[in-house]
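A quick write-up on the structure given underneath.
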Amino acid sequence: MSFGERARAALAAHGPLCVGIDPHAALLDAWSLPQSGEGVREFGLRTVDAAAGRVAAVKPQVSFFERFGSAGYVALEEVLAAARAADLLVIADAKRGDIDTTMDAYAAAWFTPGSPLEADALTVNPFLGVGVLDGAFALASRHGKGTFVLAATSNPEAAAIQRARTAQGPTVSASVVADVSARNTADTADGEWGSHGFVVGATVDWADAGIAAFTPPAPILGPGFGTQGAGPADLRTRYGQAAPQVFASESRSILKAGATGIADAIVGAAEAYREALRHG
Ligand SMILES: O=c1ccn([C@@H]2O[C@H](COP(=O)(O)O)[C@@H](O)[C@H]2O)c(=O)[nH]1
């Protein structure tokens, strides 16, 4: 089954919430875990445990593991494997992007079945040109994996580059959405979701980003919920018709509940998003 269709099924079964696994230093302290590879391993595994069966997806933020070097990567490998074994879709947030041949090596790391870092999907950076991602799109599709291409990110600094106009007229964000959508269309049967989705932050005004005309039939990763200010109601107000395609990603706002409170925090947030979708 393609990643696009797996994403659609997971969202239909569990609703929009995607739990971010971001072991910030302050959160490790709050969870009484050490500042080490062992600390991020334990943090990640406990979060996976709390998320399993309750949400569609988890999104480990690779940087928080990477800061412990090889020990962090060993921990990340274990967290990825545990999440996949628990039937959670795993979106590795590593924002990879480089020239085509180098990008292909990143793709091999995250998409090859049996690779230590195997994930279901990876966030990728199109700002070296969408074309450099073609090898990654192809490898992902071959193995039922997917990508989330940065289109309109949640951070305020993004506007200066992403709202800029390309030589052809549309914004950079719109141009990314159009270019990736064309590849999905070429690669996907009629009526199916494409496997190459988009990062569009929950803080983003679609008209301002120049993407209001799009409802791309592909999953959308929506960070910016929770600590960055957006809430369940923004599923409808921001994403409109595309709301059922959104993985609403929250990290700190859920993780701050601590090791003992996280399961309840996930149950409550997951229901709030499902409710917003039903009645928004
Ligand atoms: O546009 C983007 C893309 C990715 N992120 C990542 O999502 C989480 C957000 O964490 P919160 O604690 O829920 O704010 C984090 O890993 C970011 O690197 C994003 O925020 N915006």
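Read the numbers this way: they start at 1 and go in the same order the structure lists the ligands and their atoms. This one's a predicted model, so the numbers in the text were calculated from it and none came from an experiment. Starting from 1, each residue takes its place in the sequence as its number.
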Under 3.5 Å, side-chain donor or acceptor atoms of residues 197-225 against the rest of the protein: list the pairs with distances, not counting sequence neighbours.
residue, atom, partner, partner atom, Å
Thr203, OG1, Ser154, O, 2.7
Asp205, OD1, Ala207, N, 2.9
Asp205, OD1, Asp208, N, 3.1
Trp206, NE1, Arg238, O, 3.3

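- Taking 4.0 Å as the cut-off between side-chain N and carboxylate O, Glu192 and Arg8 do not count as a salt-bridged pair.
- No hydrogens or angles considered: a donor-acceptor pair under 3.5 Å links the side chains of Gln35 and Asp29.
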Show which side-chain atoms of residues 14-28 pair as donor or acceptor with protein atoms under 3.5 Å away, not counting sequence neighbours.
residue, atom, partner, partner atom, Å
Asp22, OD1, Ser251, OG, 3.2

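- A side-chain N or O of Thr237 and one of Asp234 form a donor-acceptor pair less than 3.5 Å apart.
- Applying the ring pair (Phe, Tyr, Trp, His ring centres under 6.0 Å) rule to Phe137 yields the partners His196; only residues at least two apart in sequence or on another chain are considered.
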One pair per line, please: each N/O atom of ligand 1 matched with every protein N/O atom under 3.5 Å away, atom names first, then the distance to 0.1 Å.
residue, atom, partner, partner atom, Å
ligand 1, 1 (O), Ser154, N, 2.8
ligand 1, 7 (O), Lys59, NZ, 3.1
ligand 1, 10 (O), Ser251, OG, 3.4
ligand 1, 12 (O), Arg252, N, 2.9
ligand 1, 12 (O), Arg252, NE, 2.6
ligand 1, 13 (O), Ser251, N, 2.9
ligand 1, 14 (O), Gln228, NE2, 2.9
ligand 1, 14 (O), Arg252, NH2, 2.7
ligand 1, 16 (O), Asp22, OD2, 2.6
ligand 1, 16 (O), Lys59, NZ, 3.3
ligand 1, 16 (O), Gln61, NE2, 3.0
ligand 1, 18 (O), Gln61, NE2, 3.0
ligand 1, 20 (O), Ser154, OG, 3.4
ligand 1, 20 (O), Gln228, NE2, 2.8
ligand 1, 21 (N), Ser154, OG, 2.7

